[in-house]
Amino acid sequence: MAHSANTSPGLPLKPFTADDDVNLRESLKRCSAATYEAAAQFRKTGNTEHLPAIVLGVLERYVEPDLRGKLKDADDDLRVIEDLGIDSLTMMEIVILIEDVLQMTINNEELRLLRTVGDVKTFIECKVRGLPLPKPTKFIPIEQIMSVMPIQPPFLFLGEAAVNAHGASAKYKISGQEFFLQGHFKDNPVLPASIMLEALGQLAVLFLLEGQVGEPGKTVDHRTIFFTSCEGVRCHRVCRPGDVLNMSIKPKRLKSPLATFEGQIRVGQEKAAIAEEITLTFAFAEEVAKPVEAEKPATPAVAAKSQAAG
């Protein structure tokens with residue numbers, strides 16, 4: 001029997017008995033009723049649309065009460081350790097509970113790749129559906145951003161950033177020392193809306209340079225990326241010195257020579273600006289082959305392991 005797009009060919013669908021229901025309720029007794037309902041529906045139907053609610057519900061169970069509000073917006077860019085305070089031991093507890101609820105097995109080595117809420121959700125869905133696991137989120141410090149971006153200070157509006165196959169996120173703190181704030185406005189510094197759009201565009205540039213875009217033997221040429229258009233822009237909040245802009249972009253269409261993204265900026269839990277479509281033009285360049293390093297002699301431990309294997 002063929003599976004629908006929302007069922008889980010990776011896991012066999014088993015009958016959900018009364019005993020299974022009792023065990024599931026016991027496993028999720030410290031989680032919300034909505035988490036149990038999503039888990040019960042998944043166990044009965046195999047419908048993967050219930051997985052995000054299960055993952056978020058289990059995460060909420062282990063997150064400190066004062067941090068649970070961050071999960072309400074279901075922000076996939078939330079970092080498991082830095083933003084939610086989940087340490088490695090707690091992550092193991094989360095995984096054990098998810099294994100029990102979803103009736104699946106997760107390799108401990110795979111946990112090291114899970115850095116964000118989005119990573120966890122994508123990982124679980126891929127495991128359930130039997131799909132290849134995507135590359136994990138890549139965190140990029142400001143030094144590396146400056147080394148790859150064609151835009152440089154004082155016109156670079158990205159701080160720490162993260163890139164994965166689904167998009168990119170970054171932060172920028174308005175210091176109050178930005179040169180344009182001297183005249184925008186007099187004695188009332190306000191970040192221009194055009195600069196917010198510029199920052200989202202820069203994040204899209206970073207995605208093109210560090211993301212999943214490419215052709216065999218080719219990479220995106222930073223010298224060819226230019227802004228072409230922006231549509232559906234709305235500003236919801238005035239941003240001032242001291243505010244931290246939380247920016248995110250997601251690709252909508254990626255086909256050379258055009259890349260279109262949707263983007264948004266938040267300050268805390270407040271929406272500051274959105275752009276329904278930001279379009280850039282780009283081109284590819286031949287990938288430069290990296291020099292081949294000479295093979296290093298094996299360390300005694302590696303050599304011994306190799307001999308034992310032989």
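Being a predicted model, the structure only gives us computed values, none of them experimental.
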A.B. asks: Which side-chain N or O atoms in residues 140-150 pair as donor and acceptor under 3.5 Å with protein atoms at least two apart or in another chain?
C.D. replies:
| residue | atom | partner | partner atom | Å |
| --- | --- | --- | --- | --- |
| Ser147 | OG | Gln144 | O | 2.7 |

A.B. asks: Same cluster or not: are Leu71 and Ile124 linked, directly or through other Ile, Leu, Val, Met, Phe, Trp or Tyr residues, by side-chain heavy atoms under 4.5 angstrom apart?
C.D. replies: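 In one cluster: yes.
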A.B. asks: Can you name the closest pair of heavy atoms from Arg43 and Val101 and give their distance?
C.D. replies: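 Closest heavy-atom pair between Arg43 and Val101: NH1-O, 2.9 Å.
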A.B. asks: Decide yes or no for Leu102 and Phe42: does some side-chain heavy atom of the first lie under 4.5 Å from some side-chain heavy atom of the second?
C.D. replies: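 A side-chain contact exists here, since the closest heavy-atom pair is under 4.5 Å.
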A.B. asks: What are the two closest heavy atoms between Val163 and Ala168, and how far apart are they?
C.D. replies: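 Minimum heavy-atom contact is CG2-CB, 3.9 Å.
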A.B. asks: Working to the nearest 0.5 angstrom, can you tell me the gap between Leu197 CG and Cys235 SG?
C.D. replies: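 It comes to 6.5 Å.
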A.B. asks: Please round to the nearest 0.5 Å and tell me the distance separating atom OG of Ser169 and atom CG of Asp76.
C.D. replies: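 Answer rounded to 0.5 Å: 10.0 Å.
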A.B. asks: Could you pull out the closest heavy-atom pair between Pro241 and Leu181, with the gap in Å?
C.D. replies: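 In terms of heavy atoms, the two residues are closest at CG-CD1, 4.1 Å.
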A.B. asks: Checking the side chain of Asp100 only, and the main-chain atoms of Leu97 only, is there a donor and an acceptor separated by less than 3.5 Å?
C.D. replies: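 Side chain of Asp100 to backbone of Leu97: no pair is present.
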A.B. asks: Please report the interatomic distance NZ(Lys250) to CG(Asn164), rounded to the nearest 0.5 Å.
C.D. replies: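 Rounded to the nearest 0.5 Å, the NZ-CG separation comes to 9.5 Å.
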A.B. asks: Quick one, Val80 and Leu114 - any side-chain contact, counting heavy atoms below 4.5 Å?
C.D. replies: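 They are not in contact (no side-chain heavy atoms under 4.5 Å apart), so the answer is no.
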A.B. asks: Salt bridge check: are Glu160 and Arg79 linked by an N-O gap of less than 4.0 Å?
C.D. replies: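 Here Glu160 pairs with Arg79 in a salt bridge, since their nearest N and O are under 4.0 Å apart.
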A.B. asks: Hey, is the main chain of Ile106 close enough, under 3.5 Å, to the side chain of Glu99 for a donor-acceptor pair?
C.D. replies: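 Side chain of Glu99 to backbone of Ile106, a donor-acceptor pair under 3.5 Å: yes, one is there.
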A.B. asks: Indicate whether the side chain of Gln202 and that of Glu198 have a donor and an acceptor atom separated by less than 3.5 Å.
C.D. replies: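 On atom types as modelled, these side chains qualify, holding a pair under 3.5 Å.
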A.B. asks: Could you go through Thr122 and His166, starting from their C-alpha distance and side-chain angles, then the distance that decides it, and tell me whether this counts as side chain to side chain contact (heavy atoms under 4.5 Å, CB included)?
C.D. replies: CA-CA 10 Å; Thr122 301; His166 305 290; 3.7 Å; yes
A.B. asks: Taking all heavy atoms of Cys230 and all of Ile278, pick out the closest pair and write down the distance.
C.D. replies: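 Distance-wise, the nearest heavy atoms are SG-CG1, 3.9 Å.
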A.B. asks: For a quick test of reading the model, state the closest non-hydrogen atom pair linking Tyr172 to Leu158 and the distance between them.
C.D. replies: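 For Tyr172 and Leu158, the tightest heavy-atom pair comes out as CD1-N, 4.1 Å.
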A.B. asks: Should Thr219 and Phe284 be marked as a side chain to side chain contact (heavy atoms under 4.5 Å, CB included) after you check the CA-CA gap, both sets of side-chain angles, and the distance that decides it?
C.D. replies: CA-CA 5 Å; Thr219 58; Phe284 292 112; 5.9 Å; no
A.B. asks: What is the minimum heavy-atom distance between Pro154 and Phe179, and which atoms define it?
C.D. replies: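 So the minimum-distance heavy-atom pair works out to O-CE2, 3.9 Å.
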A.B. asks: Working to the nearest 0.5 angstrom, can you tell me the gap between Arg266 CZ and Arg237 CZ?
C.D. replies: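 Between atom CZ of Arg266 and atom CZ of Arg237 there are 11.5 Å.
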A.B. asks: Show your reasoning for whether side chain to side chain donor-acceptor pair (under 3.5 Å) applies to Tyr36 and Asp21.
C.D. replies: CA-CA 10 Å; Tyr36 160 76; Asp21 184 66; 2.4 Å; yes
A.B. asks: Within a radius of less than 6.0 Å around CD of Glu64, do more than 12 heavy atoms belonging to other residues, nucleotides or ligands occur?
C.D. replies: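 For Glu64, atom CD is not crowded (no more than 12 foreign heavy atoms under 6.0 Å).
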A.B. asks: Tell me if a side-chain donor or acceptor on Thr35 pairs with a main-chain N or O of Cys31 at a distance below 3.5 Å.
C.D. replies: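 No; judged by distance alone, with no hydrogens or angles, the pair does not exist.
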A.B. asks: Are side-chain heavy atoms of Glu277 and Phe261 found at a separation under 4.5 Å?
C.D. replies: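 Of all side-chain heavy-atom pairs linking Phe261 with Glu277, none is under 4.5 Å.
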A.B. asks: For Ala283, does its backbone N or O pair with a side-chain atom of Thr224 as donor and acceptor, under 3.5 Å?
C.D. replies: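 It does hold such a pair.
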A.B. asks: Can you tell me how far the NZ atom of Lys44 sits from the CG atom of Leu13, to the nearest 0.5 Å?
C.D. replies: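 It comes to 12.0 Å.
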A.B. asks: Given side chain to side chain contact (heavy atoms under 4.5 Å, CB included), test Phe123 with Val55 step by step and report yes or no.
C.D. replies: CA-CA 11 Å; Phe123 171 81; Val55 172; over 6 Å; no
A.B. asks: Can you check whether Leu245 reaches Ile174 side chain to side chain, under 4.5 Å on heavy atoms?
C.D. replies: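 The answer is yes; the side chains approach within 4.5 Å.
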A.B. asks: With Ile86, which of Val120, Val63, Leu67 fulfils side-chain contact (heavy atoms from CB on, under 4.5 Å)?
C.D. replies: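 One option only clears the test, and that one is Val63.
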A.B. asks: Quick one, Val267 and Cys239 - any side-chain contact, counting heavy atoms below 4.5 Å?
C.D. replies: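 Answer yes - side chains close enough.
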A.B. asks: Looking at Lys173 and Asp243, does any basic side-chain N land under 4.0 Å from a carboxylate oxygen?
C.D. replies: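 No, no charged N to carboxylate O under 4.0 Å.
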A.B. asks: Start with the C-alpha gap between Glu60 and Arg68, add the side-chain angles, then the distance that decides, and say whether salt bridge (Lys or Arg N to Asp or Glu O under 4.0 Å) holds.
C.D. replies: CA-CA 6 Å; Glu60 184 180 38; Arg68 289 175 184 170; 5.5 Å; no
A.B. asks: Hey, are the side chains of Leu258 and Leu280 touching, using non-hydrogen atoms and a 4.5 Å cut-off?
C.D. replies: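 They are not in side-chain contact.
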A.B. asks: If two hydrophobic side chains count as joined below 4.5 Å and joins carry through other members, does Phe155 share a cluster with Ile265?
C.D. replies: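 Same cluster.
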A.B. asks: Look up atom OH in Tyr62 and atom CD1 in Ile94, then write down how far apart they are to the nearest 0.5 Å.
C.D. replies: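 One finds 7.0 Å between OH of Tyr62 and CD1 of Ile94.
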A.B. asks: May I ask you to decide if Arg253's main-chain N or O and Thr260's side chain share a donor-acceptor pair within less than 3.5 Å?
C.D. replies: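 It does not hold such a pair.
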A.B. asks: When you compare the side chain of Val117 with that of Leu56, does any pair of heavy atoms fall below 4.5 Å?
C.D. replies: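 Leu56 reaches Val117 side chain to side chain.
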A.B. asks: Counting only N and O atoms by type, is there a donor-acceptor contact under 3.5 Å from the side chain of Thr281 to the main-chain atoms of Pro257?
C.D. replies: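 Judged by distance alone, yes, a pair lies under 3.5 Å.
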A.B. asks: Taking the basic N atoms (NZ, or NE/NH1/NH2) and the acidic carboxylate oxygens, is any pair closer than 4.0 Å for Glu276 and Lys252?
C.D. replies: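 No, no charged N to carboxylate O under 4.0 Å.
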A.B. asks: Decide whether Leu24 and Ile96 are clustered together by the hydrophobic rule: side chain heavy atoms of Ile, Leu, Val, Met, Phe, Trp, Tyr closer than 4.5 Å, transitively.
C.D. replies: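 No, no single cluster joins them.
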A.B. asks: With sequence neighbours excluded, tell me which residues meet salt bridge (Lys or Arg N to Asp or Glu O under 4.0 Å) with Arg30.
C.D. replies: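 With neighbours one apart ignored, the set is empty.
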A.B. asks: Do Phe139 and Leu208 land in one hydrophobic cluster if side-chain heavy atoms of ILVMFWY residues count as linked below 4.5 Å?
C.D. replies: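 Per the 4.5 Å side-chain linkage, Phe139 and Leu208 are not co-clustered.
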A.B. asks: Is it the case that the side chain of Glu262 and the backbone of Ile249 share a donor-acceptor pair, with hydrogens and angles ignored and the cut-off at 3.5 Å?
C.D. replies: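 Pair absent, no side-chain N/O of Glu262 close to backbone of Ile249.
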A.B. asks: Mark yes or no for whether Asp119, through its side chain, and Thr116, through its backbone, hold a donor-acceptor pair below 3.5 Å.
C.D. replies: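 Yes, the answer is positive, given that a donor and an acceptor are paired below the 3.5 Å cut-off.
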A.B. asks: Below 4.5 Å, heavy atoms only, C-beta onward: do Ile81 and Asp87 meet side chain to side chain?
C.D. replies: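 No. Closest side-chain heavy atoms not under 4.5 Å.
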A.B. asks: Do Leu84 and Val244 belong to the same hydrophobic cluster, where Ile, Leu, Val, Met, Phe, Trp and Tyr are linked whenever their side-chain heavy atoms lie under 4.5 Å apart, directly or via other members?
C.D. replies: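 In one cluster: no.
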A.B. asks: When you check the side-chain N and O atoms of Arg240 and Asn188, is any donor under 3.5 Å from an acceptor?
C.D. replies: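 There is such a pair (donor and acceptor under 3.5 Å, judged by atom type) between the side chains of Arg240 and Asn188.
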